[in-house]
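By convention in this document, chain letters (A, B, ...) are assigned in the order of the sequence lines, proteins followed by strands, and residues within each chain are numbered from 1. Everything numeric in this text was worked out from a predicted model, so none of it was measured. Because only heavy atoms are used, hydrogens play no part in the values below, and waters and symmetry mates are left out as well, while side chains stay in.
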Protein chains: 2
Amino acid sequence: MTLSEEDYIKAIYHLSKDDKGNVSTNAIAAQMDSKASSVTDMMKKLAEKDVVHYKKYQGARLTDKGKSYAAKIIRKHRLWEFFLVEKLNFSWDEVHEIAEELEHIKSEKLIEKLDAFLDFPRTDPHGDPIPDKHGNITKVEKILLSSAKNNEKGIVIGVKDSSSDFLRYLDKLGISLGKEITILHKEPFDNSVMINLDGEKTSISALTANNIYLKIN
Amino acid sequence: MTLSEEDYIKAIYHLSKDDKGNVSTNAIAAQMDSKASSVTDMMKKLAEKDVVHYKKYQGARLTDKGKSYAAKIIRKHRLWEFFLVEKLNFSWDEVHEIAEELEHIKSEKLIEKLDAFLDFPRTDPHGDPIPDKHGNITKVEKILLSSAKNNEKGIVIGVKDSSSDFLRYLDKLGISLGKEITILHKEPFDNSVMINLDGEKTSISALTANNIYLKIN
DNA sequence: CAAGATTTTTAGAAATGTCTAAAAAATTAT
DNA sequence: ATAATTTTTTAGACATTTCTAAAAATCTTG
């Protein structure tokens, strides 16, 4: 697979995470920051290679082969992110772009040795699960902070938005993976949430609350 | 710079290591395993970008900008090789191909952090010096084993040929970086060399002796 | 359910990097 | 120094990946 093909496979993977339907040409173009016509061309090529199911005017979805390939790219991306943060001391908002390049390095042996060197991490620095070498992902039960109920207590285990801006904002708030958060009160007026974090009362906006995943004990 | 441009820059760098003259179009084509016409095209492009001096029918050589760029690629290549061997337990004959890919990862910050993580190594797993962040290379005095004199004693500090085949052959012979070798006798008939290695007498061929660098105490 | 709006595909073009074949320049050898 | 050989460049083509503009299909809505 070329670099470009791998990027399209990843895009389709991310767009079809939850629902199992087809992904539209326009949705892929938006995700890739390219044009619908380019997507159509690439879908024909990927269908030829048997990594997507594609029918004119009906969008695309990954075949089993495509899903397996996507999982391998995601695995590489997340292992490299873990390496960058844990070994090279990058912060969690800096690693995505670099991992976007590293994820295309081909060697299987490299990635298995890296996995062992890192002591087989289960999640990346943003809490996202790292697929195993067969492409299997362990799903962890999690809810959005915004949908937690009053008096519920949870551990921060992930973020929905992992843009640098959001991650740096969380740093400023003192929110990081593993932190315990108690929901004190949800404000109906603006859907902001009053929480207890490290013994302090803090109010977080609806948008922020909608991008933090909690594991409820 | 694109991947392909970087590969051409590297090729010219390697071809003009010793002598300062221009490198011929055909020599570059041979090194790159491509055709002379492709080289001509690329030289025009690289001259435009001011990384090579190029005049029709007279070959090319790197500009200062080109040399600096080449040194950065070499630095990345050799740091990654060191990482692969020292941290991921690859053997010295396995790392070249993987480093060929890793050397194109762009982030400067990545490479400075990697350098620090590896504790600022001075040479790669084949004994070749790692340029510093400014592109400066520390030259070490060294001679080919084939040109050492009888009764001279030296430490293996590098190899001229770093192909997998040669490196694996050295493994079989028990020759690795840091080993002490004493030249016992040079056979005029076939230029083979009788050496003392770990207290054992061993004969090595002229070709082998011509690809091992020694530091004489 | 037909007209308008939107989405998707097709057609044609550009940029990159490569190649083959032929022409041009440089080198070598008689 | 001229002919033969080798090297290098040019010209034209092809594969990839992308784009714009126009056409075709699908969806939406009064």
Side-chain angles (χ1 to χ4, degrees), chain A residues 1-16 19 21-63 66 69-70 73 100-101 103-106, chain B residues 1-16 19 21-63 66 69-70 73 100-101 103-106:
Chain A
M1 298 289 173
T2 67
L3 206 145
S4 185
E5 288 169 342
E6 291 194 345
D7 285 339
Y8 276 96
I9 291 170
K10 244 194 340 169
I12 299 169
Y13 179 88
H14 285 306
L15 288 169
S16 51
D19 54 297
N22 284 13
V23 178
S24 78
T25 301
N26 263 0
I28 298 169
Q31 171 86 13
M32 297 280 300
D33 205 9
S34 67
K35 294 295 153 75
S37 55
S38 307
V39 174
T40 300
D41 288 348
M42 187 55 92
M43 289 311 106
K44 286 176 183 167
K45 192 141 72 95
L46 291 181
E48 197 63 44
K49 291 194 172 190
D50 224 30
V51 295
V52 302
H53 293 294
Y54 169 69
K55 277 219 204 92
K56 272 189 184 185
Y57 296 103
Q58 294 179 206
R61 70 176 195 283
L62 294 174
T63 61
Y69 202 96
I73 303 172
E100 287 284 298
E101 291 188 62
E103 73 190 4
H104 298 292
I105 304 292
K106 299 290 180 196
Chain B
M1 298 288 172
T2 66
L3 205 145
S4 186
E5 289 169 342
E6 291 193 345
D7 284 340
Y8 276 96
I9 291 170
K10 243 195 339 169
I12 298 169
Y13 178 88
H14 285 306
L15 288 168
S16 51
D19 54 296
N22 285 12
V23 179
S24 78
T25 302
N26 263 358
I28 298 168
Q31 171 85 13
M32 296 282 300
D33 205 10
S34 67
K35 294 296 153 73
S37 56
S38 307
V39 174
T40 300
D41 288 347
M42 187 55 93
M43 290 310 106
K44 287 176 182 167
K45 192 141 72 97
L46 291 181
E48 197 62 45
K49 292 194 171 190
D50 224 31
V51 295
V52 302
H53 294 293
Y54 169 69
K55 275 218 205 93
K56 271 189 186 183
Y57 297 103
Q58 292 179 210
R61 70 175 195 284
L62 294 174
T63 62
Y69 202 97
I73 303 173
E100 287 283 298
E101 291 187 63
E103 73 191 5
H104 297 293
I105 305 291
K106 300 291 180 197

J.: Is the phosphate of D:dT8, meaning OP1 or OP2, less than 4.0 Å from a side-chain N or O of B:N26?
T.: yes
J.: Could you please spell out the steps behind the side-chain contact (heavy atoms from CB on, under 4.5 Å) verdict for A:I73 and A:M1?
T.: CA-CA 11 Å; A:I73 303 172; A:M1 298 289 173; over 6 Å; no
J.: Between C:dT9 atom C1' and A:M43 atom CE, what is the distance in whole Å?
T.: 13 Å
J.: Would the distance check show the side chain of B:T63 and the main-chain N or O of B:D50 forming a donor-acceptor pair, the cut-off being under 3.5 Å?
T.: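 At least one qualifying donor-acceptor pair exists.
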J.: With respect to the phosphate group of C:dT18, does any side-chain polar atom (N or O) of B:K35 fall under 4.0 Å of OP1 or OP2?
T.: no
J.: Between D:dT18 and A:Y8, is there an OP1 or OP2 to side-chain N/O distance shorter than 4.0 Å?
T.: yes
J.: Phosphate oxygens OP1/OP2 of D:dT18: is one of them under 4.0 Å from a side-chain N or O of A:S37?
T.: no
J.: How long is the span from the CG atom in B:D7 to the CE atom in B:M42, to the nearest 0.5 Å?
T.: 8.5 Å
J.: What nucleotide among D:dT9, C:dT18, C:dT9 has an atom nearest to a side-chain atom of B:T25?
T.: D:dT9
J.: Which part of the nucleic acid does B:S38 contact within heavy-atom distance under 4.0 Å: base, sugar-phosphate only, or nothing?
T.: base
J.: When you check the phosphate oxygens OP1 and OP2 of D:dT17, does a side-chain N or O of A:S34 lie under 4.0 Å from one of them?
T.: no
J.: Identify which nucleotide among C:dT8, D:dT18, D:dT9 has an atom closest to any side-chain atom of A:M42, counting heavy atoms from C-beta outward.
T.: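 Side chain of A:M42 sits closest to D:dT18.
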J.: Within this structure, what is the CG-to-C1' distance between A:D7 and D:dT18, rounded to whole angstrom?
T.: 14 Å
J.: Answer yes if the side chains of A:E6 and A:H104 hold a donor-acceptor pair under 3.5 Å, and no otherwise.
T.: yes
J.: Below 4.0 angstrom from OP1 or OP2 of C:dA26, is there any side-chain N or O of B:K56?
T.: no
J.: Strictly below 4.0 Å: does B:Y57 bring a side-chain N or O up to OP1 or OP2 of D:dT10?
T.: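 Indeed not, no polar side-chain atom of B:Y57 lies that close.
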J.: Using whole Å, what does the distance between atom C1' of nucleotide D:dC19 and atom CG of A:D41 come to?
T.: 10 Å
J.: Nearest whole Å is fine: how far is D:dT7 C1' from B:I28 CD1?
T.: 13 Å
J.: Within this structure, what is the CG-to-P distance between A:N22 and C:dT8, rounded to whole angstrom?
T.: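 Rounded to whole Å, this separation is 11 Å.
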J.: Please report, rounded to the nearest Å, how far the P atom of D:dT18 is from the CG atom of A:L46.
T.: 11 Å
J.: For A:E48 and D:dA15, what is the distance between atoms CD and C1' respectively, to the nearest whole Å?
T.: 15 Å
J.: Starting at CD of A:E6 and ending at P of D:dT16, how long is that distance when rounded to a whole Å?
T.: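 Those two atoms, CD and P, are 16 Å apart.
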J.: OP1 or OP2 of D:dT16 sitting under 4.0 Å from any side-chain N/O of A:K45?
T.: no
J.: Show every salt bridge (charged side-chain N to carboxylate O under 4.0 Å, His left out) that has at least one partner inside residues 35-44 of chain A, sequence neighbours left out.
T.: none
J.: If you find the nucleotide of DNA chain D closest to A:S4 and the one closest to A:Q58, which residue's nucleotide is nearer the 5' end?
T.: A:S4
